[in-house]
Number of protein chains: 2
Amino acid sequence: MSLGEFDLIAKYFTRPQAPSGATVLGVGDDCALLQPTAGRQWAVSSDMLVEGRHFLSTVAPERLGHKALAVNLSDLAACGADPVACTLALALPRVDEAFLAGLSQGFFALADAHGIALVGGDTTAGPLNLCITVFGELPAGQALRRDGARVGDALWVSHPVGGGIGDARLALEVFRGTLALPGEAFERVRRAMELPQPRVALGRALRGLATAAIDVSDGLAGDLGHILRRSGVAAVIDVDALPVSPDLASQPLAVQRAYALAGGDDYELLFTAPADADGAVRAAAEAANSTNPGGPAVAVRRIGRIEAADPSAPALRLLDGAGRPLALALRGFDHFATP
Amino acid sequence: MSLGEFDLIAKYFTRPQAPSGATVLGVGDDCALLQPTAGRQWAVSSDMLVEGRHFLSTVAPERLGHKALAVNLSDLAACGADPVACTLALALPRVDEAFLAGLSQGFFALADAHGIALVGGDTTAGPLNLCITVFGELPAGQALRRDGARVGDALWVSHPVGGGIGDARLALEVFRGTLALPGEAFERVRRAMELPQPRVALGRALRGLATAAIDVSDGLAGDLGHILRRSGVAAVIDVDALPVSPDLASQPLAVQRAYALAGGDDYELLFTAPADADGAVRAAAEAANSTNPGGPAVAVRRIGRIEAADPSAPALRLLDGAGRPLALALRGFDHFATP
């Protein structure tokens, strides 16, 4: 990349901004300088997105900019942290002004919606790769963690109002050609795959209420496994209670169940809460929507419960709506790996 | 990548460690949790390393692990920050146990030498790419920045004791086949290219003394340009005062000057200090060596001074040892871009 090309990247990813909030010094020095708030902890997470694995070459640059930040904000949401700042490192095979303009538009639209500042990063020539590191703050000791689920807790998952989980996988399978959808339905599930909505406001509202949380990126059942292992517990899921969109509901029941349980790329929150706290959990979702009036509305669904671990049995039991055991072979989902 | 392959990566990059220092919660949750020290600021920087650009495919994995972290620690050094924690995101074309073992060995050897904790990250299949984000702390308001150079300040550069700057470029040119060196000399300059030593202790010792600082990654003259632009000043360099190793001194004078001024990949500190502070600057280098007894010894060399900016003249003047102006065509160095 020539120096002129670096200037072009700077044009789209450096915005004139006065230091504000935690940012003492932003883009343009060896390091950004941030001033932590007294008494709060920092939550930090990095995600790297690679073409063909985390996004397809067909994605619009605006949506790629959105998604790269969204999957990182989703990690802050899963901890209940308030977004503060982020860095963006970008490897580009060539400098394409239309691509950069779209990428920065999608990135900053989501960044502004969540009040997160881009404070630094790196750009280089190379195979397309986006690596974002996010920093959030939260009161010391109040982070939602994976290790806090207790026997008897209820198990919940968030979902879009009127929608469900598993739609991103449905879109991926249309791209792969393993199934077909009418045009309008495809556009809807494609939005689920390309424009995930990080549940930051919900995560914040669940502080002090949820006992454990994780974001669903690799598939609900697999991500639940992380909570179960770290908390030393087991779980039962009422598979027919899983929220499913009308588009996924148009598919055979086995497909619905497989994509909802192990579709991947959902970026919803999977969390546990005391069994007697249903009203408080629903109130937290309403509070999240009221603090985010123009944003995408979120709902929560109770889908199961936490049980005591039994070393001689699987940690996850699946039941249908009538309480009958289901034996589903669920494969771990590794984003867009060849099936 | 299969789940088994992810386990292999975890084997080499997840070390059992009790929470310590700033780390409340390390690898294994959605986010790491860090507890800032009251009254201190955080310095944050991200660097992305791509094969063929920031390192050659011939590099030993141990040295790659060292270099990936070193170039990030060098950014903390240039701000005078104390290293605290880092994240590592890694894209790998295939999982090679010997490569991972070497990479983690080189990475953790340098991390341990600087007391920096690996608290999170990401791994994915993809073209080889390493993205590291580092976090450091320093007393509020004491960061070394690029915008503090004042007219009359002395200009300094660090270098290895007995060595100089420009050796990394000399090694690169041997790899490129544009020049040849005897075997022992090649091994020495190859170490300069593959095992840069971040000047963390020196940066810390320069807090409250240096008026501006930057680390030399793209070439001394080009990186000085960042200080000059942000500080609104000009500079003069005594080119014959630049520290040059015996290996580089064996090359023609024009090559010595070009590589020392614009070689790139040096990761030394370029800084300004008050003209009457020579003794204090030398004492800072001695203090850095005394706090780092087993580590690589650093020296400092006064190479020029800061002048008032003159809009009608170039911001950087080059003189030879006799005070005669030199007209050298220096190209910006973009790491391993094709020349």
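Below, chains carry the letters A, B, ... as their sequence lines are ordered, and counting in each starts from 1.
- For a residue to count as touching a neighbouring chain, one of its non-hydrogen atoms must lie under 4.5 Å from one of that chain's; by this rule B/Ala81 does not touch chain A.
- Within the 4.5 angstrom heavy-atom criterion, no atom of B/Leu128 approaches chain A.
- When A/Ala143, A/Pro36, A/Pro127 are compared by the number of non-hydrogen pairs under 4.5 Å with chain B, A/Pro36 comes out ahead.
- When all heavy atoms are compared, the tightest approach of A/Ala89 to B/Met48 is O-CE, 3.6 Å.
- Closest non-hydrogen pair, B/Asp75 versus A/Cys31, comes out as O-SG, 3.2 Å.
- If you take CG on A/Asp47 and SG on B/Cys131, they are separated by 11.0 Å, rounding to the nearest 0.5 Å.
- Residue B/Gln35 comes nearest to A/Arg40 through the heavy atom pair NE2-O, 3.3 Å, listed as atom of the first residue, atom of the second, then distance.
- Separating the CG atom in B/Asp122 from the CG atom in A/Leu49 is a distance of 8.0 Å, to the nearest 0.5 Å.
- Chain B forms more heavy-atom pairs under 4.5 Å with one residue of A/Asn129, A/Asp215, A/Asp147 than with any other, namely A/Asn129.
- Closest approach of A/Ala91 and B/Val50 over heavy atoms only: CB-CG2, 4.2 Å.
- Ring-plane geometry between B/Trp42 and A/Trp42 is classed as parallel, the angle between the planes falling under 30 degrees on a 0 to 90 degree scale with a further cut at 60.
- With chain B as the partner, the residue from A/Ala38, A/Ala140, A/Cys79, A/Gly120 showing the most heavy-atom pairs under 4.5 Å is A/Cys79.
- Ranked by heavy-atom pairs shorter than 4.5 Å toward chain A, the options B/Gly141, B/Ala85, B/Ala43, B/Gly121 are led by B/Ala43.
- Within the 4.5 Å cutoff, the side chain of A/Ser45 has no heavy atoms near those of the B/Thr87 side chain.
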